[in-house]
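Since the structure comes first, as structure tokens, the remarks are kept for the end.
Below, all heavy atoms of this structure are taken into account, side chains as well, without hydrogens, waters or symmetry copies. Start at 1 and go down the list; that is how both ligands and their atoms are numbered.
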Amino acid sequence: MSHRTIHLFRKGLRLHDNPTLLGALASSSALFPVYVLDRTFLEGAMGLGPPRWRFILQSLEDLDARLRALGSRLYVLRGSTTALLHDLVTRWGVTQISYDTEVEPYYTCMEREIQALAQERGLQTYTRVSHTLYDVRRIVKANGGSPPLTYKKFLHVLSVLGEPEEPVRDVSAEDFLRCSPPVEPHLEQTYSVPSLADLGLELETEVLWPGGETHALQKLHKHFQSQGWVSNVSKARTVPNSLLPSTTGLSPYLSLGCLSVRTFYHRLSSVCAQAKNHSLPPVSLQGQVLWREFFYTVASATPNFTKMQGNPICLQIDWYHDPEALEKWRTAQTGFPWIDAIMTQLRQEGWIHHLARHAVACFLTRGDLWISWEEGMKVFEELLLDADYSVNAGNWMWLSASAFFHKYTRIFCPVRFGRRTDPQGQYVRKYLPVLKNFPSQYIYEPWKAPEDVQLSAGCIIGKDYPRPMVCHTEASQRNLGLMRQVRTEQQNTAELTRDVADDPMEAELKHELQEEELLEGAEQHSTSKRFSSDADHKSRPCSWTPETLQLSGEVM
Ligand code: FAD
């Protein structure tokens, strides 16, 4: 049968390894590539902030240009997806709608609406999985109907399923030959990609990560020119505070589907197959891609995955409600240069290194502020270019030790963590120029600098840059006790992950960090007589001042 098809792009903004588009083209005599800018949906369900808006618009421009080069074009519409589809089906005489299958509840809900429309109007739907390596439903099924909750178990299931499918061939001009574009007046203005200003949005930050398949493939190509690096990446050894990304920086492209994960994975496989030695999962690059797959799998089969309440794999924690502290963290005003530099990079560039994400996530949650991971996840969702439903929530649960990760005694120090790989503090000086003249000795703890040093650095702590908002030692010890209590209370109710042998990534990181965890003695001392009442949980005890801290020299 020869269909008139709407191909609905949602993620998957690419023409390489796009099995849904390829299959739809094969069964059509006319195909309309459509993207709907459904603002309520994108900003509501997906929490899109201006940085991701810009990335998406750039990706759409790129997709449009690539489609035009093949004799087609992109039709960008604004409004509600299902309402617009209703209208377009009639206007264009459509008989088929094609779209990639996604796992997010808001997308699956949209899919149900499209299927209902198709049934009502007697249309075909055509859909394939291409945002993950496997159809994650197969992984869940192979694991007996529930998602594997440890990476080790997950890899075991994959070994039974075998290698993921190879990518399909690129879409070509020949594929579009039979699928003539429609003739409509005012086509250019009606369906063109709007600018940020057209949407009433502003963003003054520099574009360091231009969106689109073209940039994604260029970046991929560049990395594969250094095959030794690609095959030997060991994630825990990459540097969180290097001035240029020390990992691939492909996440924004993978997240929006400008780059196919299967293309990336299979190129890695062929490089590793030729290498004498190569790193292995979980720390290798293939291991990273499999972490992504892991979180997609668990998210696909876990109710309320992005929430604590109603989420069966998540510890139920009585986090502090402290909007003021959250705001300080969000706006890089914690008084810890390492944390504030990371949050500044996130705000300015929309991307931060994985271990930098570890640092700020641990600080916000179980490390220092005892604020819910959901709050941190929402800030990341707004600011990260790679913000991703499954991966973001999964990692936040991990870092807050709410799920997956159980070695909760390991708390990162907001002073030593950054200093380890950047003792001169170049990263801090770049992102917090107010501190740039401090001697290296004080760059991670400027509140310890004597007054004359602060004066000659041109920055008085407490006036030009905030004092640290908490005493790390006190706060982390208190939180450790809280976490221990929660885990004891819920060990029989929550589906906690307890695979002690799991996660060599963390083991390697631990080795590298030379035991950032708290001293057991201090920890026992601090937990013995605290946390007796609910009231203790609600208010943030603060028995220190920056002055006493300075006297005792204590923060780490
Ligand atoms: P590389 O190291 O080059 O890895 C290649 C790809 O593997 C990445 O692009 C990504 O797709 C995948 N990957 C790498 N690490 C992970 C991981 N831990 N979990 C799942 N997939 C991974 N990543 C996102 O893509 N979106 C998010 O919203 C997101 N939120 C995070 C929140 C927190 C609190 C933490 C700790 C991590 C989060 N990550 C997220 C995971 C990880 O930090 C980024 O994927 C990675 O830093 C992106 O940089 P890269 O592309 O250079 O990664």
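Arg366 places a side-chain N or O within donor-acceptor distance of the main-chain N or O of Leu399, the cut-off being under 3.5 Å.
For the residue pair Ser130 / Arg14, a side-chain donor-acceptor distance below 3.5 Å is found, with atom types taken as modelled. With no hydrogens or angles considered, a side-chain donor-acceptor pair links Tyr296 and Asp388 at under 3.5 Å. Side-chain atoms of Ser269 and Gln286 form a donor-acceptor pair, as typed in the model, at a separation below 3.5 Å. Using a 3.5 Å distance cut-off with no hydrogens or angles, the side chains of His16 and Glu213 do pair a donor with an acceptor. In this structure, a donor-acceptor pair under 3.5 Å is present between the side chains of Thr238 and His353.
Considering backbone and side-chain atoms together, Asn392 places an N or O closer than 3.5 Å to an N or O of ligand 1. Considering backbone and side-chain atoms alike, Gln288 places an N or O below 3.5 Å from some N or O of ligand 1. For Trp396, no nitrogen or oxygen atom sits less than 3.5 Å from a nitrogen or oxygen atom of ligand 1, counting backbone and side chain alike. In terms of N/O distances under 3.5 Å, ligand 1 is approached by Leu250. Taking distance alone, with nitrogen or oxygen atoms compared against 3.5 Å, Gly249 approaches ligand 1 more closely than that limit.
At a heavy-atom cutoff of 4.0 Å, ligand 1 is contacted by the side chain of Leu399 but not by its backbone. When heavy-atom distances to ligand 1 are checked against a 4.0 Å cut-off, Trp398 has no atom that comes that close, whether in backbone or side chain. Here Val261 has no heavy atoms under 4.0 Å from ligand 1, in either its backbone or its side chain. Neither the backbone nor the side chain of Thr238 comes within contact range of ligand 1; no heavy atom lies under 4.0 Å.
Distances from atom 44 (C) of ligand 1 to the heavy atoms of Met397, Arg357, His223 put Arg357 nearest. Of the listed options Leu254, Thr365, Asp386, Asp386 places a heavy atom closest to atom 25 (O) of ligand 1. Counting heavy atoms only, His354 comes closest to atom 47 (O) of ligand 1 of the residues Gln286, Met377, His354, His358.
Residues satisfying the salt bridge (charged side-chain N to carboxylate O under 4.0 Å, His left out) criterion with Arg347, sequence neighbours excluded, are absent altogether.
Close contacts of ligand 1 with Ala387, meaning ligand atoms under 4.0 Å from a residue heavy atom, involve 28 (O). Heavy-atom contacts of Phe380 reach the following atoms of ligand 1: 32 (C), 33 (C), 34 (C) (cutoff under 4.0 Å). Distances below 4.0 Å separate heavy atoms of Val391 from the following atoms of ligand 1: 19 (N), 20 (C), 21 (N), 23 (N), 24 (C), 26 (N), 29 (C), 39 (N), 40 (C). Heavy-atom contacts of Leu285 reach the following atoms of ligand 1: 3 (O) (cutoff under 4.0 Å). Those atoms of ligand 1 with a heavy atom of Arg292 less than 4.0 angstrom away are 11 (O), 20 (C), 21 (N).
Looking at Glu381 and Lys378, no side-chain N of the basic residue comes within less than 4.0 Å of a carboxylate O on the acidic one, giving no salt bridge. Residues Arg357 and Asp386 are paired through a salt bridge, judged by an N-O separation under 4.0 Å between the basic side chain and the carboxylate. Residues Lys11 and Glu104 are paired through a salt bridge, judged by an N-O separation under 4.0 Å between the basic side chain and the carboxylate.
Because its NZ or CZ atom is not both nearer than 6.0 Å to the ring centre of Trp338 and within 45° of the ring axis, Arg416 does not count as a cation-pi partner of that residue.
Side-chain contact between Tyr408 and Arg484 is present, with heavy atoms from C-beta onward closer than 4.5 Å. Side-chain contact between Phe224 and Leu268 is present, with heavy atoms from C-beta onward closer than 4.5 Å.
Contact annotation: Trp351 has at least one heavy atom less than 4.0 Å from an atom of ligand 1. Not a single heavy atom of Ser255 sits closer than 4.0 Å to an atom of ligand 1. Not a single heavy atom of Pro245 sits closer than 4.0 Å to an atom of ligand 1.
Remark: minimum distance from atom 2 (O) of ligand 1 to any protein heavy atom is reached at Lys235 NZ, 3.0 Å. Counting only heavy atoms of the protein, atom 1 (P) of ligand 1 lies nearest to Thr248 OG1, 3.7 Å. With respect to atom 35 (C) of ligand 1, the closest heavy atom belonging to the protein is Asn395 CB, 3.3 Å. For atom 51 (O) of ligand 1, the closest non-hydrogen atom on the protein side is Ser251 N, 2.9 Å.
Here the closest non-hydrogen pair linking Gln309 and Glu374 is N-OE2, 4.5 Å.
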